[in-house]
Amino acid sequence: MTVPFPVRRVARVAVAVSLAFGALAGCGGDDNAGSGSKGPSGKIVVLAASSLTESFTALGKAFEAEHPGTTVSFSFAASSELATQIEQGAPADVFASASPATMAQVSDAGDTAGQPVTFVSNTLEIAVPAGNPAKVTGLADFAKKDLTIALCAPEVPCGVAADKVFAAAKVTPAPDTLEADVKATLAKVTLGEVDAALVYKTDVIAAGDKVEGIDFPEAAGAVNDYPIAVLADARKPATARAFVDLVLSAGGQKVLTEAGFQLP
Amino acid sequence: MATVAVLFLVVPVIGLLVRTPWSTLGDVLSRDTSIEALRLSLMCATLATAVSLVLGVPLAWVLARGDFPGRSLLRAAVTVPLVLPPVVGGVALFAALGRRGLVGRPLDEIFGITLPFTTAAVVVAETFVAMPFLVIAVEGALRGADRRYDEAAATLGASRWYTFRRVTLPLVAPGVAAGSVLCWARALGEFGATITFAGNFPGTTRTMPIEVYITLQQDPAAAVALSLVLLVVSVAVLAGLRERWLTTSA
């Protein structure tokens, strides 16, 4: 059986994280002892775009190690779905979106504390099952009706980005399924059930050996910025702020770029 | 406590009605995507019920009348989809009927047939999840029916198939009807196995529940309007069932 969630990859990222933060945690030890209850504490809930699954899971572990007594729990889904959940009052402290438009939906409603900050960007890549059985070479193959193609639904950010690259490449895709988030799209490739899909570069890296990535020139025209913000209804605003600071820190950015993200 | 239970069950439905954007209801429901999703849902649920009837009634008969070792084990095995989380059902269908599945791979290699992401896959997913409802209902009816009628028919020289068709089946007709309605309603509401195994494409595999789920991400008001359609259909099914139960118990 194929495991859609690449555990091994997370482990590898986690090693990178501990390397990046090892020194930092060592220095900070004394400070923490002095500041006591002033430091971050308690449990925070981070809602993050699916494409952040591996890197944020690793950053969460680093955060918990750096601030004993804290717990970071994640909910990964399509950013648009998470935005709907926030609108409906989902109890959460931080929101990291794969699209500024989706973040704007939340901040315009007054649901963020302060202005969202862009922390990384991501580009699309063609994902094919290992060995590329259908011999996909570029975006033009997505127009072939005899290939089985998965794309993100146009309602979610990766689908919006996909529409943009197809428009730029003047290709009319012939998808067989429009998935609800990027990880669902990737899973169809990992399972070998589709010949090709359009996902983020980071997803191809996260999928490991089961998936091969193919770059295409039009990807540069649809770079997705990822904004992050503390939510207005955060129950632990200080801890939430500290987590956002970690994401924006040099160590955090290192973890994200190693996962395939680009700096904004 | 009973009041709490009633409120708990009824308030969400009232919430749906309160939030329904009545002024734009017509616009939302007359969108091509809505009509397409509803048409697809009704068609697939009906096909799934038909397949369940053709395959499920004989299975129910075997479970009710058959006398062989391992019968209870067989019953447990075929009713697993009843309690299985539907999304797990979807993953299981991939493992069996996907392009790289147990049956799916030879099907693809020899006949060039691939099932996932087709309308047929929707029917398969719905049948997988809904057929046990029909089997259980019909099996119950068969157990309740008087076997002496069958025996009488047999002594008069009727074949087993003739007896089944002309004696047994009419006796359990109310059970079959109730089972079919339950099966149809379950198929109509199917989401997890469908979105997993059949995917989501307008006109091919995007049924009403998936349309509601996807629409909620962009246009919550429209999602409420679409939900209302499913609510109306569900209530209609309930009304139909109640009538059926009343007439059989009378």
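To find a chain, count down the sequence lines: A is the first, B the second, and so on, and within it residues start at 1.
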Residues of residues 112-134 of chain A with any heavy atom under 4.5 Å of a heavy atom in chain B: Pro129(A), Pro133(A)

Heavy atoms from other residues, nucleotides or ligands near CG of Asp108(A) exceed 12 (cutoff 6.0 Å): yes

Pairs flagged by disulfide bond (SG atoms under 2.5 Å apart) wherever residues 179-212 of chain A is involved - sequence neighbours left out: none

Asp108(B) CG: over 12 foreign heavy atoms closer than 6.0 Å: yes

Contacts of residues 144-156 of chain A with chain B (heavy atom under 4.5 Å): Thr148(A), Ala153(A), Pro154(A), Glu155(A), Val156(A)

Heavy-atom closest contact (Ala180(A) atom, Tyr213(B) atom, distance): CB-CE2, 3.6 Å

For the student: nearest non-hydrogen atoms of Thr84(A) and Leu216(B), plus distance: OG1-O, 3.4 Å

Closest heavy-atom pair and its distance - Gly192(A), Arg99(B): O-NH2, 3.0 Å

Interface moiety of Ser80(A) toward chain B, non-hydrogen atoms closer than 4.5 Å: both

Nearest atoms (heavy-atom pairs only) where Pro220(B) meets Glu87(A): CG-OE1, 4.5 Å

Flag, side chain of Asn200(B) to backbone of Glu179(A), donor-acceptor distance under 3.5 Å: no

Flag if over 12 foreign heavy atoms under 6.0 Å of CZ, Phe8(B): no

Segment of Asp195(A) engaging chain B (4.5 angstrom heavy-atom cut-off): both

Pairs where residues 71-121 of chain B contributes a residue and the test disulfide bond (SG atoms under 2.5 Å apart) is met, not counting sequence neighbours: none

Side-chain heavy-atom pair Val194(A), Pro116(B) within 4.5 angstrom cut-off: no

Atom of Glu193(A), atom of Phe117(B) and distance for their closest heavy-atom approach: O-CE1, 3.5 Å

Thr204(B) OG1 to Asp176(A) CG distance, which is reported to the nearest 0.5 Å: 8.0 Å

Inter-residue atom distance Ile195(B).CD1 - Thr177(A).OG1, 0.5 Å rounding: 7.5 Å

More than 12 heavy atoms from other groups under 6.0 Å of CD1 on Ile110(B): yes

Heavy-atom neighbours of Arg19(B) CZ exceed 12 at 6.0 Å: no

Check: Lys188(A) side chain, Thr196(B) main-chain N or O, donor-acceptor pair, under 3.5 Å: yes

